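Below is one structure, written out as structure tokens, with a few remarks after it.
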Amino acid sequence: LGDEGKDRVIELCEYLKKEQGLDFTTRQKQGHTPLHKAASRKNRHVIEWLAKPSNFSEEERKAMGLPDVGGNRPSDIWLNVGGEKEFGVWMMNACGW
């Protein structure tokens with residue numbers, strides 16, 4: 001995406017949270033949160049934004065990263081779709097996802 005694309009993605013995330021009140025911990029029937037969806041699309045910028053302590057409480061970050069109904073954590077999904085191994089390990093170790 002480049003820096004401009006990254007900035008636009010972050011602006012959209014912040015708009016959805018602050019202006020629209022989107023709850024990033026909401027799960028759909030498969031147990032996916034927006035974090036799981038970002039991982040499935042290898043959207044690193046969104047994942048990094050979700051991980052920032054200034055954007056979400058520890059409780060919220062923990063809730064959004066719980067395994068889905070199939071037992072897959074967001075890092076599992078990231079790795080299964082071919083995401084960079086180093087970033088997947090960071091998701092597991094630094095974020096508990």
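Computed over heavy atoms, backbone and side chain alike; hydrogens, waters and symmetry mates excluded. Remember, it's a predicted structure, so these values are computed and weren't measured experimentally.
The side-chain hydrogen bond (donor to acceptor under 3.5 Å, both in side chains) search around Ser54 returns none, not counting sequence neighbours. A search for side-chain hydrogen bond (donor to acceptor under 3.5 Å, both in side chains) contacts involving Lys37 returns His32, not counting sequence neighbours. By the side-chain hydrogen bond (donor to acceptor under 3.5 Å, both in side chains) test, Glu59 is found to be paired with no residue, residues two or more places apart in sequence or in another chain being considered. In this structure, Arg41 has no salt bridge (Lys or Arg N to Asp or Glu O under 4.0 Å) partners at least two apart in sequence or on a different chain. With sequence neighbours excluded, the residues satisfying side chain to side chain contact (heavy atoms under 4.5 Å, CB included) with Arg27 are Thr33, His36, Leu66.
A donor-acceptor pair is defined here as one N or O able to donate and one able to accept, closer than 3.5 Å; such a pair exists between the side chain of Trp97 and the backbone of Arg61.
For residues 64-74, the pairs satisfying salt bridge (Lys or Arg N to Asp or Glu O under 4.0 Å) are Arg73-Asp76, with sequence neighbours left out. Residue pairs meeting the salt bridge (Lys or Arg N to Asp or Glu O under 4.0 Å) criterion with at least one partner in residues 83-96, sequence neighbours excluded, are Arg44-Glu84. Among residues at least two apart or in separate chains, ring-ring contact (aromatic ring centres under 6.0 Å, His included) pairs with a member in residues 59-87 are Trp78-Phe87, Phe87-Trp90.
Asn43 is not listed as a side-chain neighbour of Ile47, based on a closest heavy-atom distance of 4.5 Å or more. Using a 4.5 Å heavy-atom cutoff, the side chains of Met64 and Pro34 are not in contact. Residues Pro67 and Asn72 fail the side-chain proximity criterion, which asks for heavy atoms closer than 4.5 Å.
Across all their heavy atoms, Pro74 and Gly65 have their closest contact at CD-O, 3.3 Å. Closest of all the heavy-atom pairs between Ala39 and Val81 is O-CG2, 3.6 Å.
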Show me, pair by pair, the donor-acceptor contacts under 3.5 angstrom made by side chains of residues 9-19, not counting sequence neighbours?
residue : atom : partner : partner atom : Å
Glu14   : OE2  : Trp49   : NE1          : 3.4
Tyr15   : OH   : Gln20   : NE2          : 2.8
Lys17   : NZ   : Asn55   : O            : 2.2

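In this structure, Cys95 SG and Glu48 CD are separated by 9.5 Å, a value rounded to the nearest 0.5 Å. The line from OG of Ser75 to CG of Asn80 is 9.5 Å long, rounded to the nearest 0.5 Å.
Residues Met91 and Leu50 are members of one and the same hydrophobic cluster, defined by side-chain heavy-atom contacts under 4.5 angstrom among Ile, Leu, Val, Met, Phe, Trp and Tyr.
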Quick one, Phe24 with Leu35, criterion side chain to side chain contact (heavy atoms under 4.5 Å, CB included). Give me CA distance, side-chain angles, the key distance, then yes/no. CA-CA 8 Å; Phe24 283 84; Leu35 173 59; over 6 Å; no
